Amino acid sequence: MPSLGRYFAHAGLALLPAFALWWFSLQTVLLPSLFVLENQFLQWTYERAQARLISRQNGMEWHLDTRLLTPEQPKTPGRIRTWSARVGNPALFTLGLPLAWMLLLASPRRRLAKTLLATLILLFGIVLALGIKVNLTMTQLLTAETPFKVYVDANLQLLHDPLPVWPSLILGYLNSFFVYFLAVGLPALLSYLFNRQWWHELFAGKELQ
Amino acid sequence: MKLFLLIFALLALTGLALLKQPFFDPAIELFCLGLAWITWAIVSLFDGGITLTEAVLRHGTHGFALEVTHECSGLPISWLYLSALVAYPLLAWRHKLLAAGVGILLIQVVNVARLVSLLYLGHWLGGEHQWFTLIHEYFWPFLLNLSALAIFVVILFNDRMASPKSPPSASAG
């Protein structure tokens with residue numbers, strides 16, 4: 001069997017175990033850790049808006065809650081209506097992990113080390129990309145037409161005028177790219193970079209041990 | 001390598017941004033209609049109980065229904081495959097054209113297999129079942145990504161074997 005076929009066979013053997021491991025770790029470790037990190041970044045970045053993330057459906061749905069007041073307020077005293085938005089499904093950003101595990105575990109040498117290193121790199125990318133997604137949601141919210149007011153220490157304050165549309169447009173395009181790059185581009189790139197010599201020799205038609 | 005990544009990133013960003021523009025919605029909807037029709041035509045060969053109304057495939061008149069929407073088109077991953085092909089420097093342009101056609105066709109074959117499997121899984125398990133959600137939202141996108149990557153590697157490998165050139169330097173940028 002040619003080396004490429006052998007490589008695909010090895011990777012194929014890891015397909016279901018990698019996916020199962022990813023699914024199991026998603027709700028137990030990955031999403032809760034990512035939620036804590038991203039929530040902290042959000043609170044630091046949008047402190048005056050008192051923004052925070054809310055997790056629903058076992059962490060598979062993130063929503064963004066703020067203390068920014070909507071233009072229309074309830075007539076009932078003591079009640080306020082604030083802006084909130086749906087961030088989306090964070091699990092989609094982690095779909096590159098099982099692919100990376102498959103590809104790196106089929107490496108000709110030092111499989112475990114390469115897999116662990118690729119996992120760390122991917123996790124770093126996932127944190128950045130999710131940060132973009134959360135910020136995208138916040139900027140989309142802040143492009144609403146009226147100036148924003150917020151209660152800070154029981155005082156009503158004017159936060160700032162609405163943001164222009166272009167930051168959320170650019171973040172939206174970057175977000176689309178990163179979802180797919182993390183899902184397939186980065187795992188493929190890491191598989192190539194970590195086994196560069198092997199891939200070059202394979203494409204040159206030489207069999208390697 | 002750096003040039004490949006730069007061209008790939010620019011093409012991918014541009015294409016994915018364009019696919020979100022309302023201008024292309026009618027074309028994408030037409031593509032989804034075509035995809036739904038092809039899926040129905042294949043399924044009809046062995047199951048006469050599937051009906052097709054616009055882009056909605058349904059079991060009987062009140063059974064589980066699957067609508068082929070923009071998210072089911074496979075166009076984003078097809079565009080990424082095309083971007084990688086265009087950015088790859090060691091392939092002649094006429095080979096790239098052939099590889100683009102063959103590769104996108106194969107990706108859509110996998111996509112149609114996905115639609116057929118989801119049509120029956122949804123019918124047997126129900127659309128709200130956790131296994132259906134797992135397979136629909138996570139496993140099949142994972143398989144589609146993997147398929148596109150495998151098709152890209154195999155096409156490059158076959159082209160290399162068919163017309164061997166001197167091996168690229170391992171430190172090529």
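Numbered from 1 within each chain, the chains take letters A, B, ... in sequence-line order. As the structure is a computational prediction, the values presented were derived from the model and not from experiment.
Residue B:Gln21 places its CD atom among more than 12 non-hydrogen atoms of other residues, nucleotides or ligands, all under 6.0 Å distant. Atom CH2 of A:Trp83 sits in a sparse spot, with 12 or fewer heavy atoms from other residues, nucleotides or ligands closer than 6.0 Å. Heavy atoms from other residues, nucleotides or ligands lying under 6.0 Å from CH2 of B:Trp40 number 12 at most. Within a 6.0 Å sphere centred on CD of A:Gln43, heavy atoms belonging to other residues, nucleotides or ligands number more than 12. Atom CH2 of B:Trp37 has 12 or fewer neighbouring heavy atoms from other residues, nucleotides or ligands inside a 6.0 Å radius. Atom CZ of A:Arg48 has more than 12 heavy atoms from other residues, nucleotides or ligands within 6.0 Å. Remark: A:Arg111 CZ is packed, more than 12 non-hydrogen atoms of other residues, nucleotides or ligands lying under 6.0 Å away. Counted within 6.0 Å of CZ on B:Phe23, heavy atoms from surrounding residues, nucleotides or ligands total 12 or fewer; the atom is thus considered open.
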Stepwise, does the side chain to side chain contact (heavy atoms under 4.5 Å, CB included) test hold for B:Val153 with A:Tyr192?
CA-CA 11 Å; B:Val153 171; A:Tyr192 167 74; over 6 Å; no
Walk me through it: do A:Phe19 and B:Leu134 pass the test side chain to side chain contact (heavy atoms under 4.5 Å, CB included)?
CA-CA 11 Å; A:Phe19 190 82; B:Leu134 170 65; 3.8 Å; yes
Test side chain to side chain contact (heavy atoms under 4.5 Å, CB included) on B:Tyr138 and A:Asn89; report intermediate values, then the result.
CA-CA 11 Å; B:Tyr138 304 107; A:Asn89 184 351; 2.6 Å; yes
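Contacts of B:Ala148 with chain A are absent, with no heavy-atom separation under 4.5 Å from either backbone or side chain. Both the backbone and the side chain of B:Phe139 come within contact range of chain A, judged by heavy atoms closer than 4.5 Å. In this structure, the portion of B:Leu5 lying under 4.5 Å from any heavy atom of chain A is its side chain and not its backbone. Within the 4.5 angstrom heavy-atom criterion, only side-chain atoms of A:Leu189, from C-beta onward, approach chain B. Residue A:Leu16 touches chain B through its side chain alone, counting heavy-atom pairs closer than 4.5 Å. Interface residue B:Leu13: backbone and side-chain heavy atoms are both found under 4.5 Å from chain A.
Considering only heavy-atom pairs separated by less than 4.5 Å from chain A, the leading option among B:Ala12, B:Gly15, B:Ala17, B:Ala84 is B:Ala17.
Aromatic ring pairs are classed by plane angle as parallel below 30°, tilted from 30° to 60° and perpendicular above 60°; the pair A:Phe177 and B:Phe8 is tilted.
Contact annotation: the side chain of B:Phe157 approaches that of A:Leu202 to within less than 4.5 Å [non-hydrogen atoms, C-beta and beyond]. Looking only at side-chain heavy atoms (C-beta outward), A:Tyr173 and B:Leu18 stay at 4.5 Å or farther from each other. Proximity of B:Leu16 to A:Val179: side-chain heavy atoms (C-beta onward) are nowhere separated by under 4.5 Å. Side-chain atoms of B:Leu146 and A:Leu15, non-hydrogen and from C-beta on, do get closer than 4.5 Å to each other. The side-chain heavy atoms of B:Val154 and A:Phe8, taken from C-beta on, include a pair separated by under 4.5 Å.
The CZ atom of A:Phe181 lies 10.5 Å from the CG atom of B:Leu80; values are rounded to the nearest 0.5 Å. Interatomic distance, CD of B:Gln130 versus CG of A:Asn58, reported as 10.0 Å (0.5 Å rounding).
When all heavy atoms are compared, the tightest approach of A:Gly172 to B:Lys20 is O-CE, 4.3 Å.
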